[in-house]
Amino acid sequence: MVVFWTAAGLLAAAAAAVILLRAARSAPQTGAADPTLDVYRRQLSEIDDLSDRGLMEPGEKEAAYAEAGRRLLVAADASAPGWTAPAGQRPLLLAVVGGVGLATLGAYLILGQPGQADQPLAQRIEAWRTGSLNDLSPAELAAVLRQTLETRPEVEGYRFLALAEAQSGNPAAAARALRRALDLAPERADLWEMLGLSLLSRSEGEVTPQAREAFSEAVRLDPGALAARFHLARGRAASGDAEGAVRDLQAIGAMLPAGDPRRADIDNAIQEARSPAAPASGTPTSDMIGRMVAGLAERLESNPDDPDGWIRLVRSYAVLGDVARRDAALASARKRYAGQTQVLEQLEQAAQTEPMK
């Protein structure tokens, strides 16, 4: 491997020497015309041609001719011979260029690993599988699950794969995993609801026909699937049936207990359905998201023993870009779950979530 890199370096140096020698020979030569002047001269001839064919009015010809002539004069005045280094400085410049190349090669041979063999994806996945799953990123966890499910297809495995793909920012892959899960368990309403949410994420909030079909199947299997019913109502409003959407949303609100933070979402969706300026896609507004997060924070104040809730709260503040509240929630959760390593790791990962653009 060292022989290969040495030979490659020598070949690169030889190629650079050829280029520099050719450039040094051509630099002293004078009389090379500036190509910019030819461009403007060609523009002048094209203006005459267009005028002769009747494609340009006389007034337009005069204005175009004057502008092209002005640019030609400016380019002619600005033309200057190319820069060349003084003859006495050329050996120094060549020595500097060669020294940089040799120093780079030496640093690579000392600090690099030219003999390190490539690590195929299969070996990396095996290393991830045998290591701690808590240390894996969502993309790495998804790779491990995909390989495992090739030989042992399981419903819950595909569900976890969908969650990992969604955390990786790949809703299309999450939807594929959920469809595989539904092939094995088509009666699972929660999987149909997850599929609809994944398709919703893929379409940036728009209730597409595919998402509507998934949500409808979830409601058919479980009339209590509130998220599916909520987005079906949003889709109904987006299609122009505002009255029907309001009735559906009010029915969902009646099923929620008093003080449930989701009531704010219902009220906001009702207002949007009744407003003639309601967005066609039904994408939640920032105010709606803020109220959802505020409701979650208020619920945790009265019922703080909820690690998943704290993780969601920290992640929500991170997504909103509210660094102060994110850090405050993270500090409170760290204090409460100081002895639970897994929860602390999930909190740290949630705090690192990128803010929405």
Side-chain angles (χ1 to χ4, degrees), residues 158-159 162-163 165-167 169-183 185-296 312 316 319-320 356-357:
Y158 283 117
R159 187 175 73 85
L163 293 173
E165 297 284 17
Q167 287 290 325
N170 193 351
R176 287 196 298 269
L178 287 167
R179 292 191 186 279
R180 294 293 301 274
L182 285 166
D183 289 340
E187 75 287 350
R188 288 273 298 270
D190 60 322
L191 296 178
W192 284 106
E193 190 172 53
M194 286 180 63
L195 176 60
L197 293 173
S198 180
L199 296 172
L200 202 69
S201 175
R202 185 179 180 181
S203 63
E204 298 183 353
E206 180 184 357
V207 185
T208 61
Q210 294 81 5
R212 186 180 296 110
E213 179 182 356
F215 287 136
S216 298
E217 188 65 18
V219 173
R220 184 186 70 81
L221 295 170
D222 179 15
L226 297 185
R229 294 182 59 176
F230 174 77
H231 291 295
L232 283 174
R234 286 182 50 245
R236 193 170 184 178
S239 64
D241 187 3
E243 294 183 1
V246 170
R247 287 196 301 270
D248 292 344
L249 291 167
Q250 289 174 340
I252 298 172
M255 300 173 64
L256 298 176
D260 193 306
R262 290 175 293 180
R263 282 185 173 275
D265 303 340
I266 301 296
D267 294 339
N268 185 272
I270 290 175
Q271 292 177 7
E272 289 184 351
R274 287 173 171 169
S275 172
S281 64
T283 304
T285 62
S286 58
D287 292 339
M288 177 180 176
I289 296 174
R291 284 195 297 271
M292 292 172 60
V293 177
L296 177 59
R312 288 198 304 272
S316 299
V319 170
L320 293 175
M356 64 181 178
K357 306 297 184 182

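Because only heavy atoms are used, hydrogens play no part in the values below, and waters and symmetry mates are left out as well, while side chains stay in.
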[X]: partners by side-chain hydrogen bond (donor to acceptor under 3.5 Å, both in side chains), with sequence neighbours left out:
X	value
Asp248	Arg236
Arg180	Tyr158
Asp260	Arg262

Shortest non-hydrogen contact between [X] and [Y], atoms and distance:
X	Y	answer
Ala225	Ala218	CB-O, 4.3 Å
Ser203	Thr208	CB-CG2, 3.6 Å
Ala245	Ala273	CB-CB, 4.4 Å
Arg159	Leu191	CD-CD2, 3.8 Å

Residue pairs involving residues 185-195 (criterion side-chain hydrogen bond (donor to acceptor under 3.5 Å, both in side chains); sequence neighbours excluded):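 Qualifying pairs, neighbours excluded: Glu156-Arg188, Arg188-Asp190.
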
Partners meeting side chain to side chain contact (heavy atoms under 4.5 Å, CB included) with [X] (sequence neighbours left out):
X	result
Ser216	Arg212, Leu232
Ala172	Asn170, Arg176, Arg202
Ala189	Leu221, Asp222
Ile270	Val246, Leu249, Gln250, Ile266, Arg274

Atom pair CE/CG of Met194 and Leu178 - distance to nearest 0.5 Å: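 It comes to 5.0 Å.
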
Distance (rounded to the nearest 0.5 Å) between Asp241 CG and Arg247 CZ: 6.5 Å

Results of ring-ring contact (aromatic ring centres under 6.0 Å, His included) for Phe215 - residues two or more places apart only: His231

Results of salt bridge (Lys or Arg N to Asp or Glu O under 4.0 Å) for Arg220 - residues two or more places apart only: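 Applying salt bridge (Lys or Arg N to Asp or Glu O under 4.0 Å) to Arg220 gives Glu217.
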
Heavy-atom donor-acceptor pair, Arg263 side chain to Leu256 backbone, under 3.5 Å: yes

